[in-house]
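Keep in mind it's a predicted model, so treat the numbers as computed, not measured. Within every chain, numbering begins at 1; the chains are lettered A, B, ... in the order of the sequence lines, protein sequences first and strands thereafter.
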Amino acid sequence: METGAEMSNSENELRVRFAPSPTGALHIGGARTALYNWLAARHSFGKLVLRIEDTDLDRSTAENVGQIIDALEWLELDWDEGPLSQVARAPEHTKALEKLLESGAAYRDAATADDVKAYKAEHGNDRGYRGEQSADGSGAVRLRVPDDGDTVVKDLIHGEVRFPNRSFDDFVIARGDGSVLYNFAVAVDDADMGITEVIRGDDHLSNTPKQLLVLEALGHEPPRYAHVPLLHGPDGKKLSKRHGAASVQELRDAGYLPAAIRNYVALLGWGPGDDETLLDTNELVNRFRPEDVGKSSAVFDEKKLRWMNGRYMRELDLEIYTATVARFLGRDVDSELTEACRISQEKASTLAEVWPLIRFVFEEPAEDEKAWRKIMKNDAGAALAEVREALSGLDEFTTETVEAVVEPIPERLDLKPGKVYQPIRVSITGTTVSPGIFESLAVLGKPRSLERIDAAMARIEAAPPQTPDS
RNA sequence: GCCGCUAUCGUCCAGGGGUCUAGGACGCCGGAUUCUCAGUCCGGAAACCGGGGUUCGAAUCCCCGUAGCGGUACCA
């Protein structure tokens, strides 16, 4: 069925578009639609057009447009044409509108909403409204919809979806003032821009027959359609701001990597066919086909994203990992940060989790009364004294040398390893959680390590935490 | 109301008439790694929405129901 359309289209090139309406930040659902379009374009060496659907409703703002572009850039999804503004195309829309008015495919109708209601009350509510040209040529512009037959959407994902024409109103395609409405503008733009494949959210499936009707009235071949299911929050409802990190900027601030987000989001509604889940962007491009997208809506699950993000973080080269952490923290890369990053890499799943692990290298130990009371009791003081003694004799202060002198201490003191290591940890970090204790000491360095252990011993002596025993 | 879409473990993705005692991943539970946390490894629990058909045989095909979602705007 598409042969004609493909032939008439220059060089059979795939042309897709991402057409967000700038009514807020780009959220994860929009990001997925953008990704799918991008993957389809890159897969077929086609073109991706970015079109801003701003057919004004005072909700579209320049700031929102900026946010969307920011989000796309951060996700590293580039486009080949645009951003194009839909309002800027008003002259083309008007031209198309006049064409339909002249041919009689559309007409001006002064009917009000109540008139439409009344019509349906009389003719049955499975019957679309049919109006007539107003005498004075005033009113909104409506498209004439045939009473007979069906309009069929041939969808790559849903197959053929059939809509009875009589169920549609002669719908409004332009306001009384001549400004055009969404379903008209989209159809005209997609045709003018030579879009060959429309990949968009499921919520547009019911709009598609209207766009098809417009295209037909204008004498244009329709593009192919792929309506991908919507994303939902954990409560099963359509995703919105209420669902935690729903927007791309929130995901960025939460410390997720663009590559991980791309991988995770691609898998919401689509699978490669085998059981692979870790697919880098190249594999995504190679394997993604819109027709393989599933039909049912998916739930965004941050836990799985977090796991996947950890996998991506651990795979980064130390230099890249450090640079990424530095950018996230707003710090400069130096050898100390690099070392701190090295010992934290296998323990963090998001960029936001890195700082709590390495904070002690850059700041004084944290105040954590609970940790202190829990750990610094009984033999802690004695253990620290022994550790301090061993450490102070070291010339070279590395993970290996530290380990060599500290590791034998538990046995020598007849203590469980934890009874020695945890007091060290609380001394140098203030908390009970840190990277491995030997590398933590090594990164902190000898002077500061001894200083902190001394301080801890002094504090214990001054006010020993009382405890029974154990 | 009307016109559509959807329905496999808690979540994501497989399986599309027999090979399904339904597979993989996240999460969860248990064990290992005798320094915390994390990571890693091993093991486990966990699903075909309900009812009718069709068929020798249905998670898979059809119908009905139910639930969720979308559209029904001079919104996008």
Looking only at atom types and distance, does a side-chain atom of A/Lys446 sit under 3.5 Å from a main-chain N or O of A/Leu394, one as donor and one as acceptor? yes

What interatomic distance, in whole Å, is found between C1' of B/G65 and the corresponding atom of B/U6? 15 Å

Can you see if the side chain of A/Lys303 gets near the phosphate of B/C26 - specifically, an N or O under 4.0 Å from OP1 or OP2? no

Hey, is the side chain of A/Arg425 pairing donor to acceptor with the base of B/C35 inside 3.5 Å? yes

Nearest to the side chain of A/His158, heavy atoms from C-beta on, is which of B/C5, B/G39, B/C35? B/C5

Have a look at A/Gly273 and say if it touches a base, only the backbone sugar-phosphate, or nothing, with a 4.0 Å heavy-atom cut-off. sugar-phosphate

State whether A/Glu92 and A/Lys95 are salt-bridged, where the test is any N-O pair (Lys NZ or Arg NE/NH1/NH2 against Asp/Glu carboxylate O) under 4.0 Å. no

Roughly how far apart, to the nearest Å, are B/C12 and B/C69 at atom P? 15 Å

With a 4.0 Å cut-off on N to O distance, would you call A/Glu346 and A/Arg314 a salt bridge? no

B/G52 to B/C28 separation - C1' atoms, rounded to the nearest Å: 37 Å

Determine the contact category for A/Gly436: base if any of its heavy atoms lies under 4.0 Å from a base atom, sugar-phosphate if only primed atoms, P, OP1 or OP2 are that close, otherwise nothing. base

Given B/G1, B/G71, B/A76, identify the nucleotide with an atom nearest to the side chain of A/Asn125. B/G1

Sugar-phosphate, base or nothing in reach of A/Pro164, heavy atoms under 4.0 Å: sugar-phosphate

When you measure from the side chain of A/Ser167, which nucleotide among B/C3, B/G70, B/C37 comes out closest? B/C3

Output the single nucleotide from B/C5, B/C35, B/U40 whose closest atom is nearest the side chain of A/Pro417. B/C35

Across every strand shown, the nucleotide meeting Watson-Crick or G-U wobble geometry with B/A22 (both distances under 3.5 Å) is none

Taking the same atom, P, in B/G27 and in B/U66, what whole-Å distance lies between them? 39 Å

The side chain of A/Val172 lies closest to which of these nucleotides: B/A38, B/C74, B/C35? B/C74

Hey, does A/Phe438 reach any base, or is it just sugar-phosphate, or nothing, if we go heavy atoms under 4.0 Å? base

Can a donor-acceptor pair be found between the side chains of A/Thr429 and A/Arg425 at a distance below 3.5 Å? no

Between B/G50 and B/C9 - P atom distance, rounded Å: 10 Å

Any strand counts, and the cut-off is 3.5 Å on both contacts for Watson-Crick or G-U wobble. Which nucleotide pairs with B/C41? B/G31

Give A/Lys416 one of three labels, base, sugar-phosphate or nothing, depending on what nucleic acid heavy atoms sit under 4.0 Å from its own. nothing

Can a donor-acceptor pair under 3.5 Å be found between the side-chain atoms of A/Ser206 and the base atoms of B/G4? no

Using only heavy-atom distances, decide whether a donor-acceptor pair under 3.5 angstrom links the side-chain of A/Asn207 to the base of B/A76. yes

Nearest-Å distance once atom C1' is located in both B/A14 and B/G51: 27 Å

Could you tell me whether the phosphate oxygens of B/C75, OP1 or OP2, come under 4.0 Å of any side-chain nitrogen or oxygen in A/Arg175? yes

Answer with base, sugar-phosphate or nothing: what part of the nucleic acid does A/Thr432 contact at a heavy-atom distance below 4.0 Å? base

Quick one: is B/U40 close enough that its OP1 or OP2 comes under 4.0 Å of any side-chain N or O from A/Arg314? yes

Checking A/Asp136 against A/Ser138: is there a side-chain donor and acceptor pair closer than 3.5 Å? yes

Choosing from B/A38, B/C12, B/C5, which nucleotide comes nearest the side chain of A/Glu346? B/A38

Taking B/C5, B/C35, B/A76 as options, the one with an atom nearest any side-chain atom of A/Gln422 is B/C35

Give the nucleotide from the list B/C5, B/G70, B/C2 with an atom nearest to the side chain of A/Asp126. B/C2

In whole Å, measure the gap between the P atoms of B/G18 and B/A38 for me. 44 Å

If B/U60 has a Watson-Crick or G-U wobble mate with both distances under 3.5 Å, name it; if not, just say none. none

At 4.0 Å (heavy atoms only), tell me whether A/Ile437 reaches a base, stays on the sugar-phosphate, or touches nothing. base

Testing the 3.5 Å rule here: is there a donor-acceptor pair between the side chains of A/Ser344 and A/Tyr321? yes

Hey, does A/Tyr182 reach any base, or is it just sugar-phosphate, or nothing, if we go heavy atoms under 4.0 Å? base

By nearest atom, which of the nucleotides B/G23, B/G70, B/C74 is closest to the A/Asp275 side chain? B/G23

Scan A/Arg108 against the nucleic acid and name what it touches under 4.0 Å (heavy atoms): base, sugar-phosphate only, or nothing. nothing

Let's see if you can work this out: which of B/C75, B/U11, B/C5 has an atom nearest to the side-chain heavy atoms of A/Asp301? B/U11

Pick base, sugar-phosphate or nothing for A/His227, based on heavy-atom distances below 4.0 Å to the nucleic acid. nothing

Using atom C1' of each nucleotide, how far apart are B/A25 and B/U55 to the nearest Å? 35 Å

B/G70 pairs with, by Watson-Crick or G-U criteria that keep both distances under 3.5 Å: B/C3

Check the side chains of A/Gln86 and A/Tyr182 for a donor-acceptor pair under 3.5 angstrom, ignoring hydrogens and angles. no

Would you please classify the geometry between the A/Tyr119 ring and the A/Tyr129 ring as parallel, tilted or perpendicular, with 30° and 60° separating the classes? perpendicular

What is the pairing partner of B/A47, taking Watson-Crick or G-U wobble pairs with both distances under 3.5 Å in any strand? none

